[in-house]
Amino acid sequence: MSVTRESMHGQWSTRWAFILAATGSAVGLGNIWKFPYITGENGGGAFVVVYLICIAVIGIPIMMAEVMIGRRGRRSPINTMRALAKEGRHHPNWQWLGWAGVVAGFLILSYYSVIAGWAMAYVFRAGSSAFVGATADGIGTIFSDLISDPERLLAWHTIFMVITMAVVSRGVAKGLEKAVRYLMPALLVLLLLLLGYSMNSGAFAEGVAFMFAPNFSALSWNGVLIAMGHAFFTLSLGMGAIMVYGSYLPSDASIAKTSVIIALADTGVALIAGLAIFPIVFANGLPTGSGPGLIFQTLPLAFGHMPGGTFFGTLFFVLLVFAAWTSAISLIEPAVTWLVETLHMDRIKASVLTGFMAWFIGIGTVFSFNIWANNKVFGMTFFDFLDYLTANIMLPLGGLIIAVFAGWVMVRGTVKDELQIRNPRLFQTWYVLVRYVTPFAVVLVFIFKLRGDI
Ligand code: TRP
């Protein structure tokens with residue numbers, strides 16, 4: 001029996017609109033900023049291999065589960081989990097997954113916005129030709145000048161949060177489709193341009209070897225956890241974002257196909273970004289493990305030395321801001337839909353309220369790069385701590401719960417009916433993955449990581 005509920009918050013016009021929006025959510029700073037720097041910090045090749053395995057074995061099945069749950073429930077994640085649990089005569093406590101997701105969304109958005117602010121600042125650095133002819137040292141100084149200035153960071157963080165709230169307050173199903181349709185391909189073209197530059201910059205072979213020649217002795221269990229956490233982060237999984245987007249998906253669209261397309265697009269962008277960045281790192285003798293500043297210290301070198309670099313550099317950072325923006329929206333959408341559904345708040349008020357909360361927490365991240373740089377939580381700066389807590393702990397746990405819910409709590413017939421996978425073998429494979437493989441893998445990585453600490 002099929003259920004024809006519709007979400008009160010709107011619906012995507014077509015399957016492609018959903019693919020675009022979900023790709024917009026998935027492709028963001030995670031691919032272009034985070035993936036290269038955590039790859040660099042964790043020794044390269046082996047980390048990339050683990051990350052790719054996690055995308056295939058954990059990411060895609062959980063994405064399908066999240067979209068499926070979302071479409072079945074057609075409500076905010078909190079209310080969807082509660083309603084579906086009730087339908088299956090299970091305890092309403094499953095709604096806590098939705099709550100945890102809302103919290104994770106706030107925490108991630110709070111620092112995401114600060115980093116997106118760096119990208120905004122770089123639009124103006126690039127536009128004023130600040131990179132032209134610059135040396136690695138000069139570029140390093142531009143970056144450290146920026147992050148050591150709390151006022152400037154706060155200003156950009158505020159601007160980014162305001163534009164995010166502006167879109168969320170209008171409802172994501174409206175403006176987002178168009179923005180993603182044109183801007184994502186444009187970003188891809190610019191990444192390919194950078195890749196072309198890197199291929200000719202001299203250290204391409206070294207960059208490729210760093211990214212793809214696995215050296216497992218360079219990878220710790222903590223590195224494995226980071227790779228797994230990043231598979232969730234980069235696909236926007238584990239906190240309800242993709243679930244909300246799924247709740248706007250037309251009933252006849254194939255969940256399996258769309259999930260695979262989104263994961264491939266997302267992974268492709270990350271790999272291209274890495275391949276563009278590491279050859280520049282090696283050609284300039286820069287450290288691979290320089291952390292969150294990596295792209296801001298390498299890509300400007302490429303723009304500073306290529307013909308038309310001022311133009312391309314400006315365009316690149318504009319598009320990066322857009323990519324961050326289409327991701328940021330999905331981080332507070334679960335909270336906003338809940339406020340609208342349950343507290344009957346109007347969408348504008350709900351967006352401003354949630355945006356303000358994330359903005360406030362973000363001040364901690366702003367300070368963690370300057371005046372609080374030496375204040376450590378568990379040996380990490382406030383920013384590193386938030387990132388670790390959300391990406392490596394909250395998202396995998398959320399994903400684990402989603403897998404258990406789809407695999408063990410929901411009735412098999414319902415799940416099958418909603419997924420509409422015609423090939424029985426394919427369905428069975430997915431079912432085994434969410435029931436056994438993904439929960440087991442997540443728990444195993446947690447255990448090994450904890451054992452490694454002792
Ligand atoms: N996936 C986005 C990126 O890679 C970030 C993001 C958006 C996200 N929504 C999310 C991460 C939900 C985790 C959960 O930049």
Side-chain angles (χ1 to χ4, degrees), residues 20-39 51 54-55 58-60 62-63 66-67 70 76-77 97-98 100-119 160 164 167-168 172 176 180 183-184 187 191 226-246 259 262-263 265-274 292 295 319-337 354 358 386-402:
L20 285 168
T23 308
S25 165
V27 175
L29 295 173
N31 306 63
I32 296 167
W33 158 76
K34 193 174 177 192
F35 172 71
Y37 93 73
I38 55 178
T39 299
Y51 157 78
C54 289
I55 293 281
I58 304 179
I60 293 176
I62 291 188
M63 179 178 285
E66 239 191 276
V67 177
S76 69
L97 168 84
V102 165
V103 173
F106 275 125
L107 296 180
I108 297 175
L109 181 61
S110 78
Y111 68 79
Y112 205 82
S113 166
V114 175
I115 310 294
W118 298 359
F160 185 80
T164 302
V167 180
V168 177
V172 294
L176 201 56
V180 179
L183 298 172
M184 282 289 145
L187 180 65
L191 277 174
I226 294 173
M228 181 179 79
H230 189 63
F232 285 95
F233 186 92
T234 194
L235 295 178
S236 305
L237 299 177
M239 52 74 68
I242 290 293
M243 200 184 286
V244 182
Y245 278 20
S259 300
I262 296 159
D266 185 80
T267 309
V269 171
L271 293 178
I272 297 172
I295 66 159
L319 293 170
L320 183 58
V321 172
F322 265 106
W325 191 23
T326 55
S327 300
I329 291 164
S330 69
L331 283 163
I332 42 172
E333 183 67 11
V336 170
T337 48
T354 48
L386 271 192
D387 179 41
Y388 199 93
L389 173 71
T390 51
N392 304 336
I393 299 170
M394 296 182 80
L395 298 182
L397 277 181
L400 171 72
I401 295 171
I402 288 166

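One-based numbering, in listed order, for ligands and for the atoms of each.
- Close contacts of ligand 1 with S330, meaning ligand atoms under 4.0 Å from a residue heavy atom, involve 7 (C), 9 (N).
- In the vicinity of L29, heavy-atom distances shorter than 4.0 Å reach the ligand 1 atoms 15 (O).
- Here salt bridge (charged side-chain N to carboxylate O under 4.0 Å, His left out) pairs that include residues 25-38, with residues two or more places apart or in two chains, are K34-D387.
- The single protein non-hydrogen atom nearest to atom 6 (C) of ligand 1 is S236 OG, 3.5 Å, given as residue, atom name and distance.
- In terms of polar-atom proximity, V27 is not counted as a contact of ligand 1, lacking any N or O under 3.5 Å from an N or O of the ligand.
- An N or O contact shorter than 3.5 Å links G30 to ligand 1 by distance.
- The shortest side-chain heavy-atom distance between L389 and L107 falls under the 4.5 Å cut-off.
- In terms of protein heavy-atom proximity, atom 11 (C) of ligand 1 is nearest to F233 O, 3.2 Å.
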With side chain to side chain contact (heavy atoms under 4.5 Å, CB included) as the test, would you mind laying out the steps for L97 and I402 before giving the verdict? CA-CA 8 Å; L97 168 84; I402 288 166; 3.6 Å; yes
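- Taking the side chain as every heavy atom from C-beta outward, V103 and M239 never approach each other to under 4.5 Å.
- For ligand 1, the polar-atom distance check finds an N/O of A26 within less than 3.5 Å of one of the ligand's N/O atoms.
- You'll find the side chain of T234 stays beyond 4.5 Å of the side chain of F35, heavy atoms only.
- Under the 30°/60° scheme for interplanar angles, the aromatic rings of Y112 and F233 are found to be tilted.
- Looking at atom 14 (C) of ligand 1, its nearest protein heavy atom turns out to be M239 CG, 3.3 Å.
- Ligand 1 has at least one atom lying under 4.0 Å from a heavy atom of Y112.
- Residue contacts with ligand 1 for L395 involve side-chain atoms from C-beta outward but no N, CA, C or O (heavy atoms, distance under 4.0 Å).
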Taking it one step at a time, do S236 and S330 satisfy side chain to side chain donor-acceptor pair (under 3.5 Å)? CA-CA 8 Å; S236 305; S330 69; 4.6 Å; no
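- Scored by the side-chain contact (heavy atoms from CB on, under 4.5 Å) test, I32 finds L187, L191, V269, A273, I295, F316, L320 as partners (sequence neighbours excluded).
- The shortest contact between atom 2 (C) of ligand 1 and any protein heavy atom is with S25 O, 3.2 Å.
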